[in-house]
Amino acid sequence: MTVAVSAWRQVRGRVDQQADFGAGHRWLELRVTAELEPPDPGQFIQLLIPSHASGAFLPRPMSVASVRPLRDGLMLGFLYVPIGVGTHALAALPAGAEVEALGPLGRGFPLDRPGTPVLVAGGRGVAPLLFAAESLARLGRRFELLFGARDRAHLVGLDEARRRVAGRGRLHLSTDDGSAGIKGTVVEALDRLSPRPDHPMVIHACGPHAMLAAVARWAAERRVTAWVAMESVMACGTGVCRGCPLARSARGRAAFGSQPPSLLGNRDYAMCCTEGPVFDSRDLDWERIE
Amino acid sequence: MTVAVSAWRQVRGRVDQQADFGAGHRWLELRVTAELEPPDPGQFIQLLIPSHASGAFLPRPMSVASVRPLRDGLMLGFLYVPIGVGTHALAALPAGAEVEALGPLGRGFPLDRPGTPVLVAGGRGVAPLLFAAESLARLGRRFELLFGARDRAHLVGLDEARRRVAGRGRLHLSTDDGSAGIKGTVVEALDRLSPRPDHPMVIHACGPHAMLAAVARWAAERRVTAWVAMESVMACGTGVCRGCPLARSARGRAAFGSQPPSLLGNRDYAMCCTEGPVFDSRDLDWERIE
Amino acid sequence: MRAPSRKSREPKVDLSVRIGPMELRNPVLTASGTFGYGDEYAHVVPLPSLGGVITKTVTLEPRAGNPPQRIAETAGGMLNTIGLENVGLLRFRSEKLPRLRSLGAVIVASIGGETPGELERLLGALGGEPGIAGFEINFSCPNIARGGARYWAVPRRLERTLARLRPLTRGAILAKLSPDVTSVGDLAIACEQGGADAVTAVNTFVGMALDLARRSSKLSRATGGLSGPAIKPLALQRCCEAARAVRIPVIGSGGILSGLDALEFMAVGAAAVQVGTASFIRPRAALQVLEEMEAFLRERGVRRIDDWRGSAMPSGDAVDEDPGRKPGLRAVTIVRADRSPRNRRGVRSPAFSRGRESRRA
Amino acid sequence: MRAPSRKSREPKVDLSVRIGPMELRNPVLTASGTFGYGDEYAHVVPLPSLGGVITKTVTLEPRAGNPPQRIAETAGGMLNTIGLENVGLLRFRSEKLPRLRSLGAVIVASIGGETPGELERLLGALGGEPGIAGFEINFSCPNIARGGARYWAVPRRLERTLARLRPLTRGAILAKLSPDVTSVGDLAIACEQGGADAVTAVNTFVGMALDLARRSSKLSRATGGLSGPAIKPLALQRCCEAARAVRIPVIGSGGILSGLDALEFMAVGAAAVQVGTASFIRPRAALQVLEEMEAFLRERGVRRIDDWRGSAMPSGDAVDEDPGRKPGLRAVTIVRADRSPRNRRGVRSPAFSRGRESRRA
Ligand SMILES: Cc1cc2nc3c(=O)[nH]c(=O)nc-3n(C[C@H](O)[C@H](O)[C@H](O)COP(=O)(O)OP(=O)(O)OC[C@H]3O[C@@H](n4cnc5c(N)ncnc54)[C@H](O)[C@@H]3O)c2cc1C
Ligand SMILES: Cc1cc2nc3c(=O)[nH]c(=O)nc-3n(C[C@H](O)[C@H](O)[C@H](O)COP(=O)(O)OP(=O)(O)OC[C@H]3O[C@@H](n4cnc5c(N)ncnc54)[C@H](O)[C@@H]3O)c2cc1C
Ligand SMILES: Cc1cc2nc3c(=O)[nH]c(=O)nc-3n(C[C@H](O)[C@H](O)[C@H](O)COP(=O)(O)O)c2cc1C
Ligand SMILES: Cc1cc2nc3c(=O)[nH]c(=O)nc-3n(C[C@H](O)[C@H](O)[C@H](O)COP(=O)(O)O)c2cc1C
Ligand code: FES
Ligand code: FES
């Protein structure tokens, strides 16, 4: 697992371009300076819009959906949905606008674990998994990508996903209305991938809370490890403000054991921004997370 | 004098285009819906940027620099300098961005007074006088336009000014460093226009406070009427908040007389947004205005 | 529920509220000093459609107000030091009132005085005036040298003054409170016991902003009153505190820009709300607040605003009680509701019990 | 003055300030709870370059903090209800302190207790610890069930508690005050008389924000503390009020994002400032505040921060005195400085007289 607790920096970024991406989503390409360490899949960035151009006060956390090296920095891709003041301000930025980028933050998906990576994406949760798929493909590893949404139109990033699995992975679609792939949820799609003892699977999931909870249940019943990318309201993104706790399960408390409380959290609560956003699903108390 | 106290409306506007205009100035073209009454020269608009796209809270007052009728509304031109949070947010808006426009507000230049209109512009104060020049030219009236700035580069809108005086007016330039027109201030340029008893002049001025005060002194000494466009920090722009008082002179108090206090102000203070922004320079107490 | 055809067929939401003797069509009022004498915005806001119009605070004598600079923008808000510029009692009565009556507004006249005696004279002069539904007593102006928020932040003084004012009118008496006190609840209780029909929580918060170049206040006075969205979370808490302390209605004020903002205040117990600074930004703000409020309630199937009111009253363990508090004090801060003196006497505040019901529903 | 060559040759501005026994390199400290235990930002902020690092409030026992949701953004600010999550006294002493010492920071340890006794035990344990320059006593946490801001908003309790704490350390004692009181000046005077070396004005303001869909607080508790630029005008006024009430230094806190913000606090009398929420937005915020402050002073030819301090103290007619105030009370609000009890005794507060001098210059 990547531990990047204090490799982060805050650097200048500039909107290279952004565009509608279908079903209310946006794709943003942000050019950042070279002091930013290249993020890993599942890590996130705190995007800060200059105060004159945004009514939002705090930076907004966004998963990295793609990384491209540039001569003098990185081009970061983000897939997001404008829902409130911060994301609407982001959506209104023209090419050339400045955005400060703080990162890379948190711990990403442990893609190096033995077993076949099964990437499970729900809706805009596909963002970090597009990045994960690309990484796996680059490493020459086989993987499965399950992608579910309400309907075909909400399978946003489908073309990207197709391109990234090409040759290396298999793409399994599911929609609630059956307009693409199987009719049903991603969990039903998971059912169709019967785990084979000789080829254990490791799930890496991101999506709406209810989906992650269902994935966690599914995995627990089958003794499959599931890594889930969580969200929380955040202020600092760096473990300092203690604003983003997620309640640990008994297993999580035991795993934390007698470690001293730290940036990662304390025995009762893990900080989403430092210990997460990616967690072993068994370590969280799903009853106490809304 | 135009009294437009309650003809104002708040309407939707859309940035048609905006661009750098030299020496840190911007020219903005804003398309507004037809419910907005066409403004007169000297009147202003309260521009409100949607809260997600601006850290500014209150709308920002801007003089109208040009008006062009459209089939279904008006195209308003503004000449402005980004100095703080609100104007920087304005400058960051791409074409298509929404801006609410409240107006037309206040009372403009009384261009219909007998005598030769002498328009005196300092720096960005040229904005409403470009509009005044255009109106006068359209009415076929002769006028003088005195335009002063620090140096040639700061004679922003000079081409516009040339175009608008064409045929009808005379343009007199002055710069502090002599890089264009006479070397000196607009008041020194005024000195060269000797008032002729048979052709009385009426000054209409807009510019930095110090310039307006000098114009007021100049005019008072020569018994010339000078109308000056004032500024004040504003909240409502409509006379309601009582936030924009300007102290009256003894003459101003006498002129206000025993009128009931009203949207326009009270015996001691005139409201810049309703009684102004254009005032007879003799009615204000220049000692008590910063 | 999502089909627009059904929605439009749904019955209107009953927004009517009662504030003492006033029966208001809806709970949206304009805040004093932000809507002039009521007629200034009449060409864009049909006044009868509002719950009521609270006029600029009137004093015995006309006031020219403080010198400029009177306002300064701050993050998410504005400071003002208008200094109660107003036309004075006589002109208010002879010129402003008739015009406002003719526009069909429900009128609440705001009055301000430097002493209890001044308030008595004002209410004596206006208390029987036809067409005034109620009076808001401005006990909380932060911007005047005498008789401002500090002077009135003394529970006993409030109670005694209100007791003297009470007989002077059959109209509603609203007491408008300053937030800059240790316990708004204490002030609210004093107002209730003095005979007020309602309290308004809250007026502006005292604040400062400097012009560093001049090394002095941006305003012509050292301090001003802060209003706007910046204070909304604070005003909401004070409103909640007041609503838990008294049985009389509480009217929320502070940073309300939208119908959702207004519904937050009502959810913590406010019976009505005031729209202030928002009107400077959008002259039609009060109307928009009303429309958004109604749309929100209709969409959620809430038939009467009364069912919404108090529906998010906190359950009580929010802020600690002061264990060292002398038992003789009538203080209720934001403590457990069922321990407040009212409730100890077995009387539940209407806001609170209504809240309970709708949570059960 | 404008030529950069000259400017770079100009001498450095003397930013050093004295807070009780502490001699600080400069007046910029990090605010408790917003900079962790000091080491979390050390890879981007060289700690010795700051005036000091105030650590997260430590309690006797470790605390896990309140359940989520702990934060909510509001206009220009944020509410938090962290609930004093901290490692507890023992781990603070054995793990955090040594690390912080090794980084060369000037350490101010923040401690919090539910009773005077708890504070005594904490200070007893830490008061002689090497490498701690001072202690900030958190008398103002709005987010805990017991021993929070309301409990400590009682002048006598503050004074007595500080008198008990005073003998337990030779380090500086800073008393951090809540703004949610009628008179911060009264609390500041109590702290001064109890023996504090300085007061910090102010902690967060208590506020609320609702989630309308759930009809409940956005936070896991009903209320939280508001911080950030939204509160700056209010914090500035309270800081000014405290600075006028006492002779001991006042440390400003609340909404400081920039060097100019910090200079506003110092212009109304603060001896130093704290950078809080700003660090969440820009981890290097405290350093940036320092750099901007120095650049501003240098550009204006101000050689020593002491010449700036108090230079915009209001002249006194800002907010009315309460004429009904009992003369026995030590209250000084933001009234005429030369009428405050201190000044009646002929002693000018250093902040005030310095302000005068620099205005004369
Ligand atoms: C680690 C992480 C990765 C994320 N990646 C993505 C992504 O790739 N694409 C995407 O579209 N969204 C992503 N989100 C969610 C995104 O941060 C929120 O949609 C955004 O913060 C909402 O801000 P707003 O101002 O538009 O909405 P508002 O509701 O106005 O925000 C108000 C406050 O709530 C917080 N907030 C609201 N919703 C969320 C949420 N779901 N998670 C965290 N904070 C929230 C905001 O930070 C802000 O402080 C991610 C969140 C986290 C924590
Ligand atoms: C009637 C009128 C007409 C104007 N016309 C023009 C114009 O044509 N072109 C142009 O560039 N500027 C014009 N101005 C000035 C313009 O409104 C200010 O530059 C602008 O408000 C500054 O806002 P800001 O957020 O960028 O600056 P900030 O300093 O961040 O603004 C802070 C606050 O101060 C107020 N403020 C600051 N400076 C001024 C000022 N000079 N006048 C009024 N309020 C101020 C703002 O409204 C705001 O509330 C006009 C002002 C008035 C009153
Ligand atoms: C410019 C201005 C003038 C005000 N004048 C008065 C007044 O005369 N009387 C009064 O009781 N309140 C006055 N207020 C306070 C408002 O009525 C309201 O209580 C306060 O602004 C908080 O609400 P808001 O944030 O919605 O504006 C004034 C507020 C502003 C901004
Ligand atoms: C998330 C958070 C946690 C805080 N924790 C503490 C704390 O433990 N002790 C304390 O005295 N103040 C605490 N504060 C208050 C700050 O130290 C500071 O006084 C306050 O936030 C106002 O300053 P600001 O606006 O610069 O943040 C905390 C503030 C925030 C936002
Ligand atoms: S967001 Fe600050 S600790 Fe996680
Ligand atoms: S800006 Fe409100 S009265 Fe002029």
Side-chain angles (χ1 to χ4, degrees), chain B residues 5-11 35 46-51 54-60 84-86 100 102-103 105 230-248 253 256 258-274 285 288-290, chain C residues 30 33-44 56 62-88 90-92 94-96 211 214 218-220 224 227-230 255 257-258 276-285:
Chain B
V5 170
S6 55
W8 52 258
R9 291 287 181 284
Q10 191 169 42
V11 306
E35 300 98 74
Q46 285 271 56
L47 295 179
L48 179 65
I49 304 175
S51 62
S54 168
F57 166 56
L58 296 170
R60 294 296 190 259
V85 54
E100 284 175 81
L102 174 67
L105 297 171
M230 304 296 291
E231 290 189 4
S232 169
V233 178
M234 293 184 176
C236 71
T238 61
V240 169
C241 77
R242 317 308 279 179
C244 63
L246 296 175
R248 296 187 198 277
R253 281 195 298 277
F256 193 81
S258 56
Q259 275 182 58
S262 69
L263 276 184
L264 300 183
N266 57 44
R267 235 182 88 85
D268 292 320
Y269 296 112
M271 291 300 132
C272 182
C273 68
T274 43
D285 182 347
R288 284 159 68 209
I289 299 174
E290 297 188 353
Chain C
T30 60
T34 63
F35 210 73
Y37 296 99
D39 59 340
E40 290 86 344
Y41 285 136
H43 69 295
V44 289
K56 174 75 189 170
R63 292 177 71 121
N66 292 333
Q69 182 169 336
R70 289 188 185 170
I71 53 184
E73 183 167 320
T74 66
M78 62 177 275
L79 287 166
N80 87 77
T81 179
I82 308 300
L84 288 191
E85 174 178 348
N86 78 92
V87 299
L90 296 183
R91 277 201 146 119
F92 175 73
S94 63
E95 290 160 23
K96 300 296 179 186
D211 177 337
R214 293 191 293 123
K218 279 190 179 171
L219 304 174
S220 61
S227 64
L257 291 192
S258 70
T277 306
S279 294
F280 301 157
I281 293 163
R282 293 199 175 84
R284 289 165 56 85

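These figures come from a predicted structure and were not determined experimentally.
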N/O donor-acceptor pair under 3.5 Å between [X] side chain and [Y] backbone:
X	Y	answer
C:Glu73	B:Phe57	yes
C:Thr30	C:Phe35	no
C:Tyr41	C:Ser279	yes
B:Arg267	B:Phe256	no
B:Asp285	B:Ala247	no

In terms of heavy-atom pairs under 4.5 Å with chain C, which of [options] leads?
options	value
B:Ala235, B:Gly86, B:Ser51	B:Ala235
B:Ser232, B:Pro261, B:Ser262	B:Pro261
B:Leu246, B:Val233, B:Asp268	B:Val233
B:Gly243, B:Pro245, B:Gly237	B:Pro245

Can you tell me which portion of [X] sits under 4.5 Å from chain B's heavy atoms? Options are side chain, backbone, both or neither.
X	answer
C:Lys96	side chain
C:Arg214	side chain
C:Thr277	side chain
C:Asn66	backbone
C:Pro62	neither

Problem set entry | Interface residue of largest heavy-atom contact number with chain B, from C:Gly88, C:Ala230, C:Pro68, under 4.5 Å |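 Greatest number of close heavy-atom pairs with chain B: C:Pro68.
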Exercise. Counting heavy-atom pairs under 4.5 Å to chain B, which of C:Pro283, C:Gly33, C:Gly36 comes out on top?
Worked result: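 Between C:Pro283, C:Gly33, C:Gly36, the count favours C:Pro283.
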Problem set entry | side chain to side chain contact (heavy atoms under 4.5 Å, CB included) assessment of C:Arg70 paired with C:Glu85 | CA-CA 11 Å; C:Arg70 289 188 185 170; C:Glu85 174 178 348; 2.5 Å; yes
Exercise. Excluding sequence neighbours, so at least two apart, what forms side chain to side chain donor-acceptor pair (under 3.5 Å) with C:Arg91?
Worked result: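 C:Arg91 satisfies side chain to side chain donor-acceptor pair (under 3.5 Å) with C:Glu95 only.
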Problem set entry | Distance-minimising heavy-atom pair for C:Pro67 and C:Ser220 |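 That would be O-OG, 2.7 Å.
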Problem set entry | Structural part of B:Leu58 lying under 4.5 Å from a heavy atom of chain C |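 For B:Leu58, heavy atoms of backbone and side chain both lie under 4.5 Å from chain C.
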Exercise. Can you say whether B:Glu100 sits under 4.5 Å from chain C via the side chain, the backbone, both, or neither, judging by heavy atoms?
Worked result: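 The side chain, not the backbone.
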Problem set entry | Parallel, tilted or perpendicular: rings of C:Tyr37 and C:Phe92 (30°, 60°) |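 Aromatic pair C:Phe92/C:Tyr37 classed tilted.
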